[in-house]
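Data first, discussion second: the structure below is written as structure tokens.
As the structure is a prediction and not an experimental result, all values here were calculated from the model.
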Amino acid sequence: MRLSSRTALAAAAVACATALAACGTDTSGADDDEISVVASTNVWGSIAQAVAGDRIEVRSLITEPNADPHSYEASPLDAAAISDASLVVYNGGGYDHFVDDILGATGDKPAVVEAFALFESGAYSDLHAGHDHGDEDGTGDAIESDSETTVSEDHSHESGEVSDAGDGHSHEGHDHGGINEHVWYDLATADAVAHAVAEQLAELDPDGAAVYEANAAGFHENLHYVADVVDKLADTHGDAPVAQTETIGHYLVSAATLDDITPPDFTNAIENGTDPSPAAIAATRQLLVDKQVRVLIYNPQTEDRISREMRTAAESSGVPVVEVFETLPEGVDYIQWQARTAETLAAALETAS
């Protein structure tokens, strides 16, 4: 999970932000009564913006396509934005840990929507084939969010303390075999976040409640297009063997019923920020050299010497490489991004078949 201790840095950032405010500097750019929504990355920012619509502008802290949110260090202005926000939307699960650090050092805490907490709660809508895509009022099978477990002001995911509930727990019929914090690739969790944001915004802005509810329902409907692409991928290429340089695409791979045969020792080491053993590297390279897999799923935002070696081995052997990202590429929203990723994966598998 590549956690590092940044609590002291976050506390210092909060202290600097407090000093700026005390000197009369407006760090938020908003009036006292203005609703401020801050997202850790533009992935969650895009979902929140889809719900907020034209009523509220959502600010995303990490927007750089080449940034690695695992190692992001918040600036004093970031800390001020989070501390002064009306609502904070973030991944959780130790992924964007700087948010927990800042919230832990903040006095009056804003409302939060934490995606990983929603994932762990098991609340989800079934977006995949064979299920009704919506009823007459357009809400379909959208999530009824539980404010006690999914939207709260209790920041229980302190430094490195991720619930053991993720170990081997089942979600949407898939056994994850361990905690994987990259939950933005889980469509049901994205749906849950949208509805939780709508619920929170309705409390902050009752006049806009109907708009937020309708926007969340629209987001839910749009997710069905992505789910249909993934379902078709599963129908056409289910059980196809694939490899990943790390498990960022786990939930997409799982929903598409692909078979990730990457040695766990390799991906676990990458996730923990350590070098895989020579044996794990050799075994992973052999999968690519021998074309035992049809696709290599690759995260260019966290590439290093070893992952680049795997990419070179794949390309030299004619194994297609599909890039997956941790932040939105420029010019697309969450729905477009997820659809494009699933379509690119499907095309690569078709080429390799």
Side-chain angles (χ1 to χ4, degrees), residues 2 65-68 174 176-177 180 182 184-187 225-332 336-353:
R2 293 178 292 181
N66 295 319
D68 179 8
H174 301 292
H176 295 161
N180 187 304
H182 306 117
W184 62 90
Y185 279 104
D186 181 69
L187 300 182
Y225 173 75
V226 184
D228 289 344
V229 174
V230 176
D231 288 339
K232 184 177 180 181
L233 199 163
D235 290 341
T236 307
H237 300 290
D239 297 325
V242 301
Q244 302 189 77
T245 52
E246 61 175 298
T247 57
I248 180 176
H250 170 82
Y251 298 112
L252 172 58
V253 168
S254 180
T257 67
L258 303 176
D259 185 14
D260 180 7
I261 62 173
T262 317
D265 287 349
F266 183 91
T267 51
N268 288 342
I270 297 296
E271 278 296 295
N272 291 326
T274 61
D275 288 339
S277 67
I281 294 172
T284 303
R285 182 186 295 110
Q286 204 63 42
L287 291 178
L288 301 167
V289 170
D290 293 344
K291 300 187 71 170
Q292 297 178 49
V293 296
R294 288 168 55 185
V295 163
L296 173 65
I297 299 172
Y298 185 84
N299 179 8
Q301 287 175 267
T302 59
E303 68 179 1
D304 58 12
R305 176 185 59 81
I306 294 171
S307 63
R308 285 193 294 270
E309 285 180 7
M310 296 304 107
R311 178 167 193 156
T312 299
E315 292 173 339
S316 297
S317 302
V319 174
V321 176
V322 175
E323 294 184 340
V324 291
F325 293 88
E326 304 192 46
T327 53
L328 287 178
E330 189 174 349
V332 299
Q336 295 167 330
W337 176 50
Q338 289 293 301
R340 180 184 297 177
T341 301
E343 289 165 347
T344 301
L345 180 56
L349 286 165
E350 189 67 31
T351 299
S353 61

Value rounded to 0.5 Å, distance of CD in E343 from NZ in K232: 9.5 Å
Passing option when L345 is tested against V230, V229, L252 for side-chain contact (heavy atoms from CB on, under 4.5 Å): L252
Counterpart residues, side-chain contact (heavy atoms from CB on, under 4.5 Å), relative to D239 (two or more places apart): none
Note, L349 side chain near L258 side chain (heavy atom, < 4.5 Å): yes
Reported OG1-to-CE distance for the pair T245 and M310, which is rounded to 0.5 angstrom: 9.5 Å
Distance, nearest 0.5 Å, that separates CZ of R340 from CZ of F325: 10.0 Å
Heavy-atom donor-acceptor pair, Y251 side chain to N180 backbone, under 3.5 Å: yes
Nearest-0.5 Å distance that lies between atom CD1 in I248 and atom OG1 in T267: 13.0 Å
Criterion side-chain hydrogen bond (donor to acceptor under 3.5 Å, both in side chains) on T274 and N272, from CA distance to verdict: CA-CA 6 Å; T274 61; N272 291 326; 5.4 Å; no
Test item: side-chain donor near acceptor, H237 and E350, under 3.5 Å: yes
Test item: Q338 side-chain N/O and L187 main-chain N/O as donor-acceptor pair under 3.5 Å: no
Main-chain N/O of D304 paired to S307 side chain as donor or acceptor, under 3.5 Å: yes
Contact summary for V332 and L328, nearest pair of heavy atoms: O-CD1, 3.7 Å
T247 side, atom OG1; D260 side, atom CG - distance, nearest 0.5 Å: 8.0 Å
Interatomic spacing from CD1 in I306 to CD in E246 - rounded to 0.5 Å: 12.5 Å
Over all atoms of both residues, closest heavy-atom pair of K291 and S317: CD-O, 3.1 Å
Residue pair I261 / Q292: nearest heavy atoms and the distance that separates them: CD1-O, 3.9 Å
Contact summary for T262 and Q244, nearest pair of heavy atoms: OG1-N, 2.8 Å
